[in-house]
Amino acid sequence: MNKRDYYEVLGVSRESGEVEFKAAYRKMALKYHPDRNAGDKEAEEKFKEAAEAYDVLTDAEKKQLYDRFGHEGLAGSGFRGFNGFEDIFSNFGDVFEGIFGFGGGGGRTRARQGKSLRYDLELSLEDAFHGKEAEISFHRLEGCPTCQGSGAKPGTQPKTCGTCQGRGQVIRSQGFFQVSSTCPACHGQGEIISQPCPECGGGGKIRAEKDLQVKIPAGVDTGSQLRLRGEGESGENGGPPGDLFVVIHVKEHNFFAREDDNLICRIPISFVQATLGDTLAIPLLGEEDTHEFTIPKGTQPGEIIKVSGKGMTSLRGFRKRGDLYIKIEVKIPEKLNQRQTELLQEFAQTEGLTLSKKKGKGKGFWKKKEH
Ligand SMILES: [Zn+2]
Ligand SMILES: [Zn+2]
């Protein structure tokens with residue numbers, strides 16, 4: 001029999017990743033699920049085909065073989081698909097998680113990784129510039145220290161579930177199919193705890209506060225994520241713990257704005273400074289010294305002065321920094337005293353400019369141009 005291409009089976013492109021594979025498989029598996037297609041041979045084949053494709057594409061080693069040599073490559077390595085539904089459910093039961101009415105749950109002792117957690121950390125721009133050793137404190141579910149996560153009162157043992165004989169699943173027949181679903185008596189645990197641990201109430205986990213020192217590298221920006229492996233919630237049935245993701249938020253600075261590794265600041269100057277030129281000093285981020293710079297004669301509003309290498313520290317390169325851009329804003333005085341008014345009127349005369357006193361009905365800009 002000719003086997004179909006695994007990517008085609010799932011309806012995904014060759015460039016897709018694990019997330020797409022899982023979404024596609026979930027969709028197919030639900031569509032062709034034996035609970036929905038009792039007695040349908042074709043659905044059964046499709047269901048198995050999708051499981052096999054998903055199995056291969058999400059296994060780095062098998063995927064590589066398949067990508068290079070196709071189905072033959074896999075057969076050569078001794079790969080065989082699934083035996084039946086039970087085999088599929090015990091491997092991929094988690095795909096059906098959270099969907100009401102579908103069994104699957106998997107074997108009773110299936111290890112599962114703990115949940116990953118997110119911690120939002122706010123930093124000042126200065127902290128982001130220098131990097132920082134941050135102290136964070138958060139809550140997570142941890143294995144109960146009193147019962148070592150078993151849920152049973154110390155000195156007692158959980159009993160094997162009589163309904164499923166410890167398998168965690170019950171199997172019922174439906175036409176040609178045998179459909180397994182989570183045991184209702186033990187909720188898939190395979191064991192019944194008759195005397196629960198007083199500390200965790202039998203759940204095997206407690207909510208605990210955790211303090212951690214986190215090293216924040218210089219140059220982080222809003223949206224940067226640090227992954228602390230194994231610092232999330234503890235796993236199920238001996239599975240590994242989840243991870244902790246620290247998500248960075250950099251607060252707005254009152255002088256510097258940031259664009260990637262560059263910094264931008266706005267300097268308001270008077271029209272006199274812009275006209276005659278001047279020398280000014282501004283503070284620099286992360287430095288003691290101020291930076292002196294010259295405003296050339298005749299500087300226009302909005303002109304930008306670039307200061308190389310005085311921007312933000314870069315997350316990408318050691319001791320590399322972006323640039324600083326000084327944006328010049330020219331302020332027009334809103335009020336003048338008598339003397340200043342006279343001086344400016346005199347200045348206007350030197351330019352051959354006569355100013356109309358009439359409000360609203362001045363001579364138009366265009367008219368003046370005609371001469
Ligand atoms: Zn406990
Ligand atoms: Zn049971």
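The model shown is predicted, which means the values in this text are computed figures rather than measured ones. In each ligand, atom 1 is the first atom listed, and ligand 1 is the first ligand listed. Residue numbers count from 1 along this sequence.
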**Message:** Pair S150, C197 - check side chain to side chain contact (heavy atoms under 4.5 Å, CB included), show working.
**Reply:** CA-CA 8 Å; S150 76; C197 162; over 6 Å; no
**Prompt:** So, for Y6 and Y66, is the gap between ring centers shorter than 6.0 Å?
**Reply:**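 Yes, close enough.
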**Asked** Can we say E42 and K46 salt-bridge, meaning some charged N sits less than 4.0 Å from an Asp/Glu carboxylate O?
**Response**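 The answer is yes: the pair qualifies as a salt bridge.
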Less than 3.5 Å apart, which donor and acceptor atoms pair up between the side chains of residues 214-223 and the rest of the protein, not counting sequence neighbours?
residue: T222; atom: OG1; partner: V250; partner atom: N; Å: 2.8

**Environment of the Zn ion (ligand 2) in terms of protein N/O/S atoms, cut-off under 2.8 Å** =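 Within the sphere that stays under 2.8 Å of the Zn ion (ligand 2), the protein atoms of type N, O or S are C161 SG, C164 SG, C183 SG, C186 SG.
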**Item:** Distance in Å, S116 OG paired with R229 CZ, rounded so as to fall on 0.5 Å steps
**Value:**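 Taking OG in S116 and CZ in R229, the distance rounds to 9.5 Å.
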**Prompt:** To the nearest 10 degrees, how large is the angle at the Zn ion (ligand 1) between C197 SG and C144 SG?
**Reply:**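 Taking the Zn ion (ligand 1) as the apex, the two atoms subtend 110°.
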**Asked** Counting distance only, does the side-chain N/O of E351 pair as donor-acceptor with the main-chain N or O of A348 below 3.5 Å?
**Response**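 Judged by distance alone, no pair lies under 3.5 Å.
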